[in-house]
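Working notes for the structure below.
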Amino acid sequence: QVQLVESGGGLVQAGGSLRLSCATSRTIFRFNTMGWYRQAPGKQRDLVASITTGGTTNYADSVKGRFTITRDDAKNTVYLQMNSLQPEDTAVYYCNARRSWPYEINYWGQGTQVTVSS
């Protein structure tokens with residue numbers, strides 16, 4: 001049924017940019033905090049950035065100043081603009097929707113691969 005659909009991943013050289021998109025339903029979008037997580041081989045899945053329905057953002061220290069998360073209410077879409085990409089950013093990036101009511105639940109996309117070459 002409803003799902004999160006990521007797009008925009010790919011292969012870029014160090015210093016390049018990518019914009020990831022995550023499209024979802026209006027119901028999920030308007031009542032959930034949206035976020036991006038990433039997971040590299042052998043590593044845990046970590047939060048990259050999140051944005052609440054009120055527009056409050058949160059970023060991992062490793063991406064502050066380089067990545068920007070935004071919401072487009074008209075399109076029910078969240079974006080992650082990634083600039084100055086580094087090889088360390090290589091990972092599968094997952095879109096996430098999180099709600100705390102009536103209980104904590106997380107929705108996940110299938111993931112999109114981001115590969116940054118040296």
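FYI, the numbering just counts along the sequence from 1.
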Query raised in the report: M82 and V48: side chain to side chain contact (heavy atoms under 4.5 Å, CB included), yes or no, with the steps?
Result: CA-CA 11 Å; M82 305 185 294; V48 177; over 6 Å; no

Exercise. Could you go step by step and tell me if R99 and Y107 meet the side chain to side chain contact (heavy atoms under 4.5 Å, CB included) rule?
Worked result: CA-CA 9 Å; R99 61 186 298 173; Y107 302 90; 4.1 Å; yes

Self-check item: CA sep, side-chain torsions, deciding dist, call: T68, Y59, side chain to side chain contact (heavy atoms under 4.5 Å, CB included)
Solution: CA-CA 8 Å; T68 303; Y59 296 93; 3.8 Å; yes

Could you walk me through whether V92 and R45 pass side chain to side chain contact (heavy atoms under 4.5 Å, CB included), step by step? CA-CA 9 Å; V92 177; R45 185 177 298 185; over 6 Å; no

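Here the shortest heavy-atom pairing between L4 and C95 reads CD2-SG, 3.4 Å. A pairwise comparison of heavy atoms in S118 and P87 identifies OG-CG, 3.8 Å as the closest pair. Between G8 and L18 the shortest heavy-atom distance is O-CD2, 3.7 Å. When all heavy atoms are compared, the tightest approach of I28 to A97 is CG2-CB, 3.6 Å.
Using a 4.5 Å cut-off between side-chain heavy atoms of Ile, Leu, Val, Met, Phe, Trp and Tyr, L11 forms no hydrophobic cluster with any other residue.
Note on residues 69-95: no pairs pass ring pair (Phe, Tyr, Trp, His ring centres under 6.0 Å), not counting sequence neighbours. A salt bridge (Lys or Arg N to Asp or Glu O under 4.0 Å) check over residues 105-118, counting only residues at least two apart or in different chains, returns nothing. Applying the side chain to side chain donor-acceptor pair (under 3.5 Å) rule to pairs touching residues 80-91 yields S17-N83, R38-D89, R66-D89, Q81-N83, sequence neighbours excluded. Within the structure, side chain to side chain donor-acceptor pair (under 3.5 Å) contacts touching residues 28-37 (residues at least two apart or in different chains) do not occur.
Note: F67 CZ to L80 CG = 6.0 Å, rounded to the nearest 0.5 Å. If you take SG on C22 and NZ on K75, they are separated by 14.0 Å, rounding to the nearest 0.5 Å. Atom CG of N106 and atom CD of E104 lie 5.5 Å apart (nearest 0.5 Å). Expressed to the nearest 0.5 Å, how far OG1 of T57 lies from CE of M34 amounts to 15.0 Å. Here the CD1-OG1 distance, from I69 to T52, works out to 10.0 Å after rounding to the nearest 0.5 Å.
Side-chain N or O atoms of R98 include none that pairs as donor or acceptor with a backbone N or O of G35 at under 3.5 Å.
Under the salt bridge (charged side-chain N to carboxylate O under 4.0 Å, His left out) criterion, D61 pairs with K64, sequence neighbours left out.
Linking Ile, Leu, Val, Met, Phe, Trp and Tyr whenever their side-chain heavy atoms come within less than 4.5 Å puts I105 and V78 in one cluster. Under the 4.5 Å side-chain contact rule for hydrophobic residues, V63 and V12 share a cluster.
More than 12 heavy atoms of other residues, nucleotides or ligands lie within 6.0 Å of CD in Q113, so this atom counts as buried by the packing criterion.
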